[in-house]
**Q** 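Handing you this structure, nothing more for now.
The basis for the numbers below is simple: all heavy atoms, side chains too, and nothing from hydrogens, waters or symmetry mates. Residue indices begin at 1 and follow the sequence shown.
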Amino acid sequence: MYTREHKPRKAIIRMDPDCAICHAPASLACDCEAKGLEVAIEQAEARMMQSVYNDIRSWVRAHAQDYILEYFRLLTERRKAAHASHLERLTAHAYHYYHAPPHPNEIAAAQATLKRGIDEDWQSSVQRYPEVLEYFYSLVELTLPPDDEPAVKDPPLSALSGSRKANRRGTSTATLAGEPFQERERNPLSRRTPPPQPIDHRRTPGPVANPLAPPPGSRRHSYRPPTAPPTTYFNAWQ
């Protein structure tokens, strides 16, 4: 009878590195490295994405204000036309029955009604900002490269020194309604839709800080709203 030759198993030595920050043994499972990673992510995001957030915010703000101002202009034009018709009726009635122009009190009452109507139009226009801002933000697309892209699988980083070999900041694929950021940087005048000239002074200046930031942990390739933009837009008032 032949006996099977016994081969001793090789001993497996496991050495988990100590914490790179507090140098505690791995068995303690401290959270120093996790916290440090979160801080590094926030710092890298601020360096690389801050200009993108600012550009998106400025683009959305400009187009939303242009829409609100144009919407308000259409409302006021409609109301002024109704006011002019009302004055014509007052004048025709006064000359027909009294052979004189309308009484000043009637004119003043009509002017006061017009002023209240314009105030209501402006208030209703400004109250549409949340809806309009969400619509223009939904037009922004932030595209992530696929995992099998060479720049992702083999990033141009030095494995020995840990320094960057190339600056990829200029290759952002973020777009504003289909317009690359590189084109927008070369043509800064194309960033905004020209506002209506008569009431452009009504634009409200805003703070530079507090840019739009994506929610932490999100990984969205693109976002499109489930519903269309404001359906009436300008047609309802024409």
**Q** Under 4.5 Å between any side-chain heavy atoms of Tyr67 and Tyr135, yes or no?
**A** no
**Q** For the CD atom of Glu106 and the CG atom of Leu90, what is their distance to the nearest 0.5 Å?
**A** 5.5 Å
**Q** Indicate whether any N or O donor in one side chain lies under 3.5 Å from an N or O acceptor in the other, for Tyr53 and Glu45.
**A** yes
**Q** Within this structure, what is the NE2-OG1 distance for the pair His86 and Thr91, rounded to the nearest 0.5 Å?
**A** 9.5 Å
**Q** Mind checking the CG-CD spacing from Asn54 to Gln50? Nearest 0.5 Å is all I need.
**A** 5.0 Å
**Q** Are the charged groups of Glu120 and Arg116 less than 4.0 angstrom apart, N to O?
**A** no
**Q** So, are Asp121 and Arg79 salt-bridged, with charged N and O less than 4.0 Å apart?
**A** yes
**Q** Would you say Asp148 and Val152 make side-chain contact, with heavy atoms under 4.5 Å?
**A** no
**Q** Are Leu87 and Leu114 connected in the hydrophobic side-chain network, where two residues link if heavy atoms are under 4.5 Å apart?
**A** no
**Q** Please assess Glu77 against Arg73 for the test salt bridge (charged side-chain N to carboxylate O under 4.0 Å, His left out), listing each intermediate value before the final yes or no.
**A** CA-CA 6 Å; Glu77 284 184 355; Arg73 184 185 65 82; 2.5 Å; yes
**Q** Do the side chains of Glu38 and Lys35 get close enough for a salt bridge, i.e. N-O under 4.0 angstrom?
**A** no
**Q** With a 4.5 Å heavy-atom cut-off, do Gln65 and Tyr129 have their side chains touching?
**A** yes
**Q** Distance-only, no hydrogens or angles: does the Glu33 side chain make a donor-acceptor pair with backbone N or O of Ala20 under 3.5 Å?
**A** yes
